[in-house]
Protein chains: 2
Amino acid sequence: MKLNEQQQKFVHTWGTLGTNWGINKTMAQLHALLMISEKPMSTEQMMDTLQISRGNTNMNVRALVEWGLASKEMISGDRKDFYSAKKDIWVVARQIAKQRRKRELEPVIAALVELKGGTEVNRENEELLNRVNDIEDFALKVDKMLEKFEKSDENWFYKVLLKLV
Amino acid sequence: MKLNEQQQKFVHTWGTLGTNWGINKTMAQLHALLMISEKPMSTEQMMDTLQISRGNTNMNVRALVEWGLASKEMISGDRKDFYSAKKDIWVVARQIAKQRRKRELEPVIAALVELKGGTEVNRENEELLNRVNDIEDFALKVDKMLEKFEKSDENWFYKVLLKLV
DNA sequence: TTGTACTTTCAATATTTATCGAAAATTAAA
DNA sequence: TTTAATTTTCGATAAATATTGAAAGTACAA
């Protein structure tokens with residue numbers, strides 16, 4: 001697939017954004033590419049278009065599948081695997097929220113709970129316990145919110161926004 | 001400042017968390033340390049406690065100040081600079097939201113707007129324009145939400161949560 | 001089976017990011 | 001001023017992360 005100038009810019013921009021969000025460039029660029037491609041793409045096509053290696057393509061496209069942002073497709077009459085992306089940004093946002101909750105929030109909550117369990121309540125640990133309690137409380141709230149978001153739709157989000165603003 | 005076992009664990013945990021959130025380990029550990037310290041700390045004390053170099057300490061403590069997560073304090077009779085952290089987790093969360101909005105969201109919105117501006121509306125770019133519009137729309141909504149969050153307090157957040165869940 | 005098209009793995013390499021430590025710059029007391 | 005204490009900068013180095021490319025693995029048609 002040969003990209004025109006605007007399409008290249010988009011892929012590039014999305015790649016940079018990914019970097020800022022802790023997603024690696026290749027993964028984000030593959031995602032961008034699949035989002036603007038009308039047909040599912042093969043590994044070869046993706047390698048060609050983005051000028052990256054086979055291994056890199058394979059690893060990152062599978063990461064996308066694991067994140068629920070792309071899916072493997074079979075095209076009859078062809079032995080290759082093809083991939084396409086979820087194009088609905090709300091679905092994408094929810095999948096990302098899900099991953100981040102799992103990877104960034106849950107471990108902290110677990111760690112804080114464990115920390116509290118082993119901490120003696122005395123003058124020396126007072127400040128520590130205050131901090132841990134506050135953070136845990138906050139983390140649990142954010143966790144709940146994300147959980148809700150994961151299960152909701154665009155319409156819900158829009159309503160919430162109206163209430164807030 | 002000599003940390004007891006629990007305090008060390010806390011600093012360590014917060015450091016790991018920071019890493020997952022794209023904040024470097026030292027910055028997060030310094031923040032944790034200042035959060036559980038009852039008194040403001042000097043560069044020396046922080047270096048000692050965390051076993052890190054002067055340069056590293058200086059750079060990261062200044063990053064904390066820049067993020068609004070710590071502040072410089074003068075202690076009369078001492079020439080050194082001392083630092084202390086915001087201890088209210090709500091304040092901390094809001095400051096982080098502010099930074100992330102500025103660094104991760106605003107550049108995307110700008111890039112998308114620019115991209116749209118230079119894109120010819122034709123069959124070839126149809127998919128691209130759809131994606132860009134959707135993403136822009138979503139990004140603007142999130143941006144609004146974060147903006148609101150930045151200006152609100154714990155109580156507001158709690159109310160919102162009640163409505164949602 | 002065997003050969004072929006395709007996918008996956010992984011050690012080597014490159015790139016990016018964080019950290020150190022010593023020199024330079026700044027600040028404030030003498 | 002001069003001097004000493006302290007902070008900041010920055011090139012060198014280390015650590016972490018991403019990417020390559022070739023070899024190994026898999027699946028499927030003949």
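Naming: A, B, ... by sequence-line order, numbering from 1 per chain.
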Side-chain donor/acceptor pairs under 3.5 Å, residues 61-69 of chain A, sequence neighbours excluded:
{"from": "A/R62", "atom 1": "NE", "to": "A/N58", "atom 2": "OD1", "distance (Å)": "3.1"}
{"from": "A/R62", "atom 1": "NH2", "to": "A/N58", "atom 2": "OD1", "distance (Å)": "3.4"}

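Heavy-atom distances to DNA chain C give each of A/T19 and A/F82 a nearest nucleotide, and the one nearer the 5′ end belongs to A/F82.
Applying the 4.0 Å criterion to OP1 and OP2 of C/dT9, one finds that A/R62 has a side-chain N or O inside that range. In terms of phosphate contacts, A/N58 brings a side-chain nitrogen or oxygen within less than 4.0 Å of OP1 or OP2 of C/dT8.
For B/N130 and A/K87, the side-chain atoms include no donor-acceptor pair closer than 3.5 Å. For the 3.5 Å distance criterion, the side chains of B/E124 and A/N4 qualify, holding a donor opposite an acceptor. Between the side chains of A/N56 and A/T26, at least one donor N or O sits under 3.5 Å from an acceptor N or O.
In this structure, CE of A/M46 is placed 15 Å from P of D/dT19, rounded to the nearest angstrom. For the pair B/N20 CG and D/dA16 C1', the interatomic distance rounds to 14 Å; values are reported in whole Å. Following rounding to the nearest Å, B/M74 (CE) and D/dA5 (C1') show an atom-to-atom distance of 14 Å. In this structure, the CG atom of A/D78 is 14 Å from the C1' atom of C/dT4, given to the nearest Å. As a whole-Å value, the separation of B/Q45 CD from D/dT6 C1' is 14 Å. Atom-to-atom, CG of B/L64 to P of D/dT8 comes out at 14 Å; the value is rounded to the nearest Å. Spacing between atom CD of B/E44 and atom P of D/dT7 amounts to 7 Å, rounded to whole angstrom units. Rounded to whole Å, the distance from NZ on B/K80 to P on C/dT27 is 18 Å.
Considering only heavy atoms from C-beta on, A/W21 comes within 4.5 Å of B/E104 through its side chain.
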Show the distances under 3.5 angstrom between N or O atoms of the protein and N or O atoms of nucleotides 18-21 of chain C.
{"from": "C/dT19", "atom 1": "OP1", "to": "B/T26", "atom 2": "OG1", "distance (Å)": "3.0"}
{"from": "C/dT19", "atom 1": "OP2", "to": "B/N24", "atom 2": "OD1", "distance (Å)": "3.4"}
{"from": "C/dT19", "atom 1": "OP2", "to": "B/T26", "atom 2": "OG1", "distance (Å)": "2.9"}
{"from": "C/dC20", "atom 1": "OP2", "to": "B/S53", "atom 2": "N", "distance (Å)": "2.9"}
{"from": "C/dC20", "atom 1": "OP2", "to": "B/S53", "atom 2": "OG", "distance (Å)": "3.1"}
{"from": "C/dC20", "atom 1": "OP2", "to": "B/N56", "atom 2": "ND2", "distance (Å)": "3.0"}

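Taking the side chain of B/R79 as heavy atoms from C-beta on, and the options D/dC28, C/dA28, C/dT7, the nearest nucleotide is C/dA28.
Criterion: ILVMFWY side-chain heavy atoms under 4.5 Å apart, direct or through other members. Under it, A/L105 and B/F157 are part of a common hydrophobic cluster. By the criterion of side-chain heavy atoms lying less than 4.5 angstrom apart, applied directly or through intervening Ile, Leu, Val, Met, Phe, Trp or Tyr residues, B/V142 is grouped together with A/V142 in one hydrophobic cluster.
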